[in-house]
Participant: 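Handing you a structure now.
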2 protein chains.
Amino acid sequence: MSFQTTFKALSDPVRREILQLLTKQRLSAGEIGQHFTMTAATVSYHLKVLKKADLIDEEREKNFIYYSLNTTVLEEVLLWLTDLKGNGEDEENN
Amino acid sequence: MSFQTTFKALSDPVRREILQLLTKQRLSAGEIGQHFTMTAATVSYHLKVLKKADLIDEEREKNFIYYSLNTTVLEEVLLWLTDLKGNGEDEENN
DNA sequence: AAATAATTTAGATACTTATCTAATTAGAAT
DNA sequence: ATTCTAATTAGATAAGTATCTAAATTATTT
C-alpha cells in the first residue's frame with residue numbers, strides 16, 4: 001500500500017482512536033462500535049479504510065470479525081518521520 | 001495545534017514532499033513552487049496548512065518568505081506512533 | 001430451511017479539500 | 001510615486017470524505 005493510503009488513513013481521529021483501542025486487545029467490529037456514537041455502517045467504513053492501509057488485520061470467528069493492530073506499516077511511517085526530522089545538522093539515527 | 005491538524009497536514013503528498021525539500025535547506029515559496037507543476041497560489045495554500053500545523057516556520061527577508069522545517073511537532077507524532085506500535089503484550093502508557 | 005445476529009455494501013447527502021484564475025498586499029528599485 | 005517582483009488572499013469549482021438509512025451478506029442457531 002502507498003504511503004498516501006497510510007497517511008490518509010491515519011489522518012482521521014476516529015481511525016486513530018480505533019487503532020489505540022486495538023493496542024490493548026483485538027476487538028470485534030461491534031465492540032469497536034460501542035466506543036463511538038456513530039452507526040455500525042460508519043464504523044465499518046473506517047475499518048475498511050484501515051484495512052486497506054494495512055494498519056489492521058481481521059480474522060473471522062463464529063459470526064464475528066475480530067480486528068487487531070498490524071504494526072508493520074507503522075514501522076515504515078516511523079522511519080519516514082525519523083528521517084524527516086533526522087537532519088538538523090547531521091543525523092544520528094536509523 | 002491539535003493532533004488532528006498535524007495528521008491532516010501530513011496526509012497530503014505535496015505537503016510531505018515540501019517537508020522533505022525543507023530537510024535540506026530553507027527555501028522561499030517560489031523555490032518550493034519550482035519543484036511542482038501547480039500554481040503559486042496552490043503552493044501557498046499548502047504552505048499555509050503546514051504553517052497552521054506548526055510543521056514549518058517562516059521568516060521574511062527582503063520580499064521573499066523563507067520556509068524551514070520545524071521538527072517539534074514531528075517529535076510528538078513520533079511519540080504517538082511509537083506508543084501505538086510499542087505494546088505487543090502489555091501497555092505502559094497513555 | 002427460517003429466524004436471528006454481526007457485519008458489510010449501496011446509495012444519498014453534507015462537508016471538506018485541492019486546485020485554478022484573478023485580485024490584492026508588501027517590499028524593492030527605479 | 002510608479003513599477004516590478006514575490007507571495008498571499010478571495011472566490012469558484014471539482015473531487016474526495018464521513019456520515020446516515022436501508023438493503024444485502026454471512027454465519028449460527030433453532
Side-chain angles (χ1 to χ4, degrees), chain A residues 1-22 25-70 73 77, chain B residues 1-22 25-70 73 77:
Chain A
M1 266 327 113
S2 78
F3 241 7
Q4 178 55 8
T5 311
T6 310
F7 271 108
K8 275 272 155 75
L10 285 171
S11 79
D12 183 273
V14 169
R15 291 193 291 264
R16 289 197 304 278
E17 193 167 345
I18 290 174
L19 292 177
Q20 283 196 302
L21 290 171
L22 295 178
Q25 69 237 262
R26 70 174 201 170
L27 295 169
S28 68
E31 290 170 321
I32 292 168
Q34 293 178 334
H35 291 264
F36 300 96
T37 53
M38 57 202 161
T39 66
T42 300
V43 171
S44 188
Y45 161 76
H46 285 300
L47 290 170
K48 193 166 72 175
V49 174
L50 288 168
K51 185 80 194 314
K52 189 156 155 251
D54 265 330
L55 287 164
I56 58 177
D57 293 325
E58 72 182 31
E59 32 184 350
R60 299 171 172 264
E61 217 165 285
K62 297 184 56 179
N63 54 344
F64 294 81
I65 303 178
Y66 288 96
Y67 287 94
S68 57
L69 198 61
N70 179 344
V73 175
V77 176
Chain B
M1 264 330 110
S2 79
F3 241 7
Q4 177 55 6
T5 312
T6 310
F7 272 107
K8 275 270 156 75
L10 285 171
S11 80
D12 183 273
V14 169
R15 292 192 289 266
R16 288 197 305 278
E17 192 168 347
I18 291 174
L19 292 177
Q20 283 196 302
L21 289 172
L22 294 178
Q25 68 236 263
R26 71 173 199 171
L27 295 169
S28 67
E31 290 170 322
I32 292 169
Q34 293 179 333
H35 291 264
F36 300 96
T37 53
M38 57 202 162
T39 66
T42 300
V43 172
S44 189
Y45 161 75
H46 285 301
L47 290 171
K48 193 165 71 175
V49 174
L50 288 169
K51 185 80 194 313
K52 189 156 155 252
D54 265 329
L55 288 164
I56 57 176
D57 293 325
E58 72 181 31
E59 33 183 351
R60 299 170 171 266
E61 216 165 286
K62 296 184 56 178
N63 54 345
F64 294 81
I65 303 178
Y66 287 96
Y67 288 94
S68 56
L69 198 61
N70 179 343
V73 176
V77 176

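The chains referred to below are lettered A, B, ... by the order of the sequence lines, with proteins before strands, and numbering in each begins at 1.
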Participant: Side chain of A:Phe64 only, heavy atoms from C-beta on: which candidate in C:dA6, C:dT19, C:dT9 is closest?
Facilitator: C:dA6
Participant: Could you check how far CD of B:Glu59 sits from P of D:dA7, rounded to whole Å?
Facilitator: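 Taking CD of B:Glu59 and P of D:dA7, I get 13 Å after rounding.
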Participant: Under 4.0 Å between a side-chain N/O of B:His46 and OP1 or OP2 of C:dT17, yes or no?
Facilitator: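 Looking at the OP1 and OP2 atoms of C:dT17, neither is under 4.0 Å from any side-chain N or O of B:His46.
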Participant: Of the options A:Glu17, A:Lys51, A:Arg15, which is the one that meets A:His46 in a side chain to side chain donor-acceptor pair (under 3.5 Å)?
Facilitator: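 Only one option passes, and that is A:Arg15.
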Participant: Distance check needed: D:dT8 C1' versus B:Glu58 CD, whole Å only.
Facilitator: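 It is 10 Å, rounded to the nearest whole Å.
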Participant: Counting only side-chain N and O atoms of B:Thr42, is one of them less than 4.0 Å from OP1 or OP2 of C:dA18?
Facilitator: no
Participant: Return the CD1 to CD1 distance between B:Ile32 and B:Ile56, rounded to the nearest 0.5 Å.
Facilitator: 6.5 Å
Participant: Using a heavy-atom cut-off of 4.0 Å across all strands, would you classify B:Tyr67 as base, sugar-phosphate, or nothing?
Facilitator: sugar-phosphate
Participant: Think B:Thr39 has a side-chain N or O under 4.0 angstrom from the OP1 or OP2 of C:dC20?
Facilitator: yes
Participant: Please determine if a side-chain N or O atom of A:Tyr45 lies less than 4.0 Å away from the OP1 or OP2 oxygen of D:dG16.
Facilitator: no
Participant: The side chain of A:Lys48 lies closest to which of these nucleotides: D:dT19, C:dC20, C:dT9?
Facilitator: C:dT9
Participant: Could you grab the distance from atom OG of B:Ser2 to atom CG of B:Asp54, nearest 0.5 Å is fine?
Facilitator: 10.5 Å
Participant: Among D:dA10, D:dT21, C:dT7, which nucleotide sits nearest the side chain of B:Ala41?
Facilitator: D:dA10
Participant: So does A:Leu10 get a backbone contact from the side chain of A:Arg16, meaning a donor-acceptor N/O pair under 3.5 Å?
Facilitator: yes
Participant: Mind calculating the distance between NZ (A:Lys52) and P (D:dA18) to the nearest angstrom?
Facilitator: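 Distance, rounded to whole Å: 11 Å.
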Participant: Which pair of heavy atoms, one from B:Thr6 and one from B:Leu55, lies closest together, and at what distance?
Facilitator: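 So the two residues come closest at O-CD1, 4.3 Å.
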Participant: Side chains of B:Tyr67 and B:Glu58: is there a donor and an acceptor less than 3.5 Å apart?
Facilitator: yes
Participant: When only distance counts, do a donor and an acceptor, one from the side chain of B:Asn63 and one from the base of D:dT5, lie under 3.5 Å apart?
Facilitator: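 Between D:dT5 and B:Asn63, which were checked side chain against base, a qualifying N/O pair under 3.5 Å is present.
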Participant: Under 4.0 Å from OP1 or OP2 of C:dA6: is there any side-chain N or O of A:Ser28 that close?
Facilitator: no
Participant: Rounded to the nearest Å, what distance is computed from the CZ atom of residue A:Arg60 to the C1' atom of nucleotide D:dT26?
Facilitator: 7 Å
Participant: Nearest whole angstrom, please: distance from the C1' of D:dT5 to the CD of B:Glu61.
Facilitator: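 In whole Å, D:dT5 C1' and B:Glu61 CD are 16 Å from each other.
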Participant: Rounded to the nearest angstrom, tell me the gap between atom CZ in B:Arg26 and atom P in D:dA6.
Facilitator: 16 Å
Participant: Please state how far atom CE in B:Met38 lies from atom P in C:dT17, giving the value in whole angstrom units.
Facilitator: 17 Å
Participant: Among C:dT9, C:dT8, C:dC20, which nucleotide sits nearest the side chain of A:Ala40?
Facilitator: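 Of the options given, the side chain of A:Ala40 lies nearest C:dT8.
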Participant: Checking all strands, does A:Ala29 fall into the base, sugar-phosphate, or nothing category for heavy-atom contacts under 4.0 angstrom?
Facilitator: sugar-phosphate
Participant: Hey, is the side chain of B:Arg15 poking within less than 4.0 Å of OP1 or OP2 on C:dA18, counting only N and O atoms?
Facilitator: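 For C:dA18, OP1 or OP2 has a side-chain N or O of B:Arg15 closer than 4.0 Å.
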Participant: In whole angstrom, what separates A:Ile65's CD1 from C:dT9's P?
Facilitator: 8 Å
